[in-house]
Amino acid sequence: MSKKQKYYVVWEGHTPGIYSSWSECQEQIKGFPNAKFKSFESKELAEKAFKDPESYSGSDKKKTYYYVVWHGKKPGIYTEWDDVRENIKGVKGPLYKTFGSKKLAEKAFSEHPDKWMEGDYKKTKDLSPEQLERIGKPIELSLAVDAACNNKGDFEYQGVWTFSKDVVFRVGPYKKGSNNIGEFLALVHALAYLQQHKDPKMKEMPIYSDSRIAMSWVRAKMCRTKKTPPDDVKKLIFRAEKWLKNNTYKNPILKWETKVWGEIPADFGRK
């Protein structure tokens, strides 16, 4: 009797994605620190889990979300989606948002919804006062970068001003790469962009990324991907590595604290 087909979701590995065999999954997590992965009985469940990792990674217990309803039959904060659905059913122009943090949901509910409608706050979570104080708030005068990649490896990346979300640059899509490659290229592109300005403030402006992997690759001045990308992507990587080796910069590269601040402003919104 043949074994039932399983699908393996890799949220954090060399190349995040969905794989149809354990051997393929192993290649993505082997030697990768704190890899996150899980097997599923169907492709449908795997695809859902890959898009919504907070609901599945690390535990079978689903994450509690807090749904803020500003405009509905009965405005308030709810923990069950069915209650929200009934609350907004038949309401013209309902206003609601999903939060992972109860405290952030309470803060959002007390403020005007326009301030909260654009961001994605599902990954936020409640932290201790000491943790919040240590993390602080994002620096508004900064550049934020991010990348997006589908299951086929097609990727693109962009940089936006943190304070306004205006797009500074957007590159791609390119085929057969990875999200990590896109994040790495986005950081180097941001560094090169800021360094070409005459204003000394631009040469010291912070850059935010939500990818620790890409940040480590920039520090190493090398794209440490284990994939074999096509020639056009190889050229982009070679150019980025060459720039890092031939240039110096003072721009601090900072980690975007998604669990506190929500999705990075440069996020493509495809979660």
Side-chain angles (χ1 to χ4, degrees), residues 11-12 36 49 51-59 61-146 148 158-168 205-212 215 252-271:
W11 290 284
E12 293 186 22
K36 290 185 179 179
K51 291 179 181 178
D52 190 9
E54 288 294 325
S55 298
Y56 295 90
S57 59
S59 173
K61 184 178 179 181
K62 192 168 184 179
K63 176 182 173 68
T64 299
Y65 288 115
Y66 302 90
Y67 304 95
V68 174
V69 179
W70 289 279
H71 178 47
K73 295 174 185 176
K74 188 177 180 181
I77 301 174
Y78 300 83
T79 56
E80 296 295 333
W81 172 245
D82 288 343
D83 294 337
V84 178
R85 186 162 46 197
E86 283 300 314
N87 202 333
I88 63 177
K89 188 177 181 179
V91 176
K92 187 176 181 180
L95 294 175
Y96 59 95
K97 199 74 177 179
T98 305
F99 294 80
S101 162
K102 183 180 180 181
K103 289 181 180 179
L104 199 61
E106 291 171 344
K107 183 177 188 300
F109 183 62
S110 69
E111 298 178 347
H112 197 281
D114 285 352
K115 181 179 177 181
W116 300 91
M117 294 310 294
E118 288 189 6
D120 187 330
Y121 303 97
K122 282 186 177 181
K123 291 183 181 179
T124 58
K125 71 175 185 178
D126 290 314
L127 301 176
S128 67
E130 293 77 15
Q131 289 174 310
L132 290 172
E133 184 177 357
R134 186 166 63 250
I135 292 172
K137 295 181 179 180
I139 301 169
E140 288 195 345
L141 291 176
S142 58
L143 185 61
V145 302
D146 197 20
Q158 66 180 357
V160 309
W161 297 125
T162 301
F163 58 89
S164 67
K165 297 185 180 179
D166 290 337
V167 176
V168 179
M205 178 178 285
I207 301 171
Y208 278 108
S209 170
D210 61 7
S211 172
R212 294 190 186 279
M215 293 167 67
I253 297 177
L254 307 175
K255 175 69 171 64
W256 183 266
E257 299 293 345
T258 305
K259 287 182 171 59
V260 182
W261 304 331
E263 292 293 346
I264 192 166
D267 180 66
F268 281 81
R270 299 173 188 170
K271 307 278 189 307

**Report entry** Any donor-acceptor pair under 3.5 Å from T162 side chain to S142 backbone
**Finding:** yes
Query raised in the report: Just by distance, do the side chain of W256 and the backbone of G262 share a donor-acceptor pair under 3.5 Å?
Result: yes
Query raised in the report: Is there a donor-acceptor contact under 3.5 Å from the side chain of Y208 to the main chain of E257?
Result: no
Requested in this report: Enter the distance from H71:NE2 to I88:CD1 here, rounded to the nearest 0.5 Å.
Outcome: 10.5 Å
Report summary line: Nearest heavy-atom approach of P265 to K165 is CB-CG, 4.0 Å
Report task. Starting at CZ of F109, measure out to CZ of F99 and round the result to the nearest 0.5 Å. Result -> 11.5 Å
Report task. Can you establish whether the number of heavy atoms outside R212 located under 6.0 Å from its atom CZ is more than 12? Result -> no
**Report entry** Enclosure of Y66 OH (heavy-atom neighbours >12, cutoff 6.0 Å)
**Finding:** yes
Query - Donor-acceptor contact below 3.5 Å, side chain N87 vs main chain K74 - result: yes
Query raised in the report: Do S101 and T124 have side-chain atoms, one donor and one acceptor, less than 3.5 Å apart?
Result: no
Report task. Check whether the ring centres of Y67 and Y78 lie less than 6.0 Å apart, and answer yes or no. Result -> no
Query raised in the report: Of the non-hydrogen atoms in I139 and P206, which two are nearest, and what is the gap between them?
Result: CD1-CG, 4.0 Å
Report task. Drop me the distance from L104's CG to K107's NZ, to the nearest 0.5 angstrom. Result -> 7.0 Å
Query - Check: A49 main-chain N/O paired with W11 side-chain donor or acceptor under 3.5 Å - result: yes
Query - CA sep, side-chain torsions, deciding dist, call: T258, E263, side-chain contact (heavy atoms from CB on, under 4.5 Å) - result: CA-CA 5 Å; T258 305; E263 292 293 346; 4.2 Å; yes
Query raised in the report: Run the side-chain contact (heavy atoms from CB on, under 4.5 Å) check on W161 and L143 step by step: do they pass?
Result: CA-CA 5 Å; W161 297 125; L143 185 61; 3.8 Å; yes
Query - Non-hydrogen side-chain atoms of K89 and K73 separated by less than 4.5 Å - result: yes
Query raised in the report: Which heavy atom in P113 sits nearest to a heavy atom in L95, and how many Å separate them?
Result: CG-CD1, 3.8 Å
Query raised in the report: In this structure, are over 12 heavy atoms from other groups packed under 6.0 Å from E80 atom CD?
Result: no
Report task. Step by step, work out the side-chain contact (heavy atoms from CB on, under 4.5 Å) result for W70 and K97. Result -> CA-CA 9 Å; W70 289 279; K97 199 74 177 179; 3.5 Å; yes
Report summary line: Tightest non-hydrogen contact, residues S211 and S209, listed as N-OG, 3.1 Å
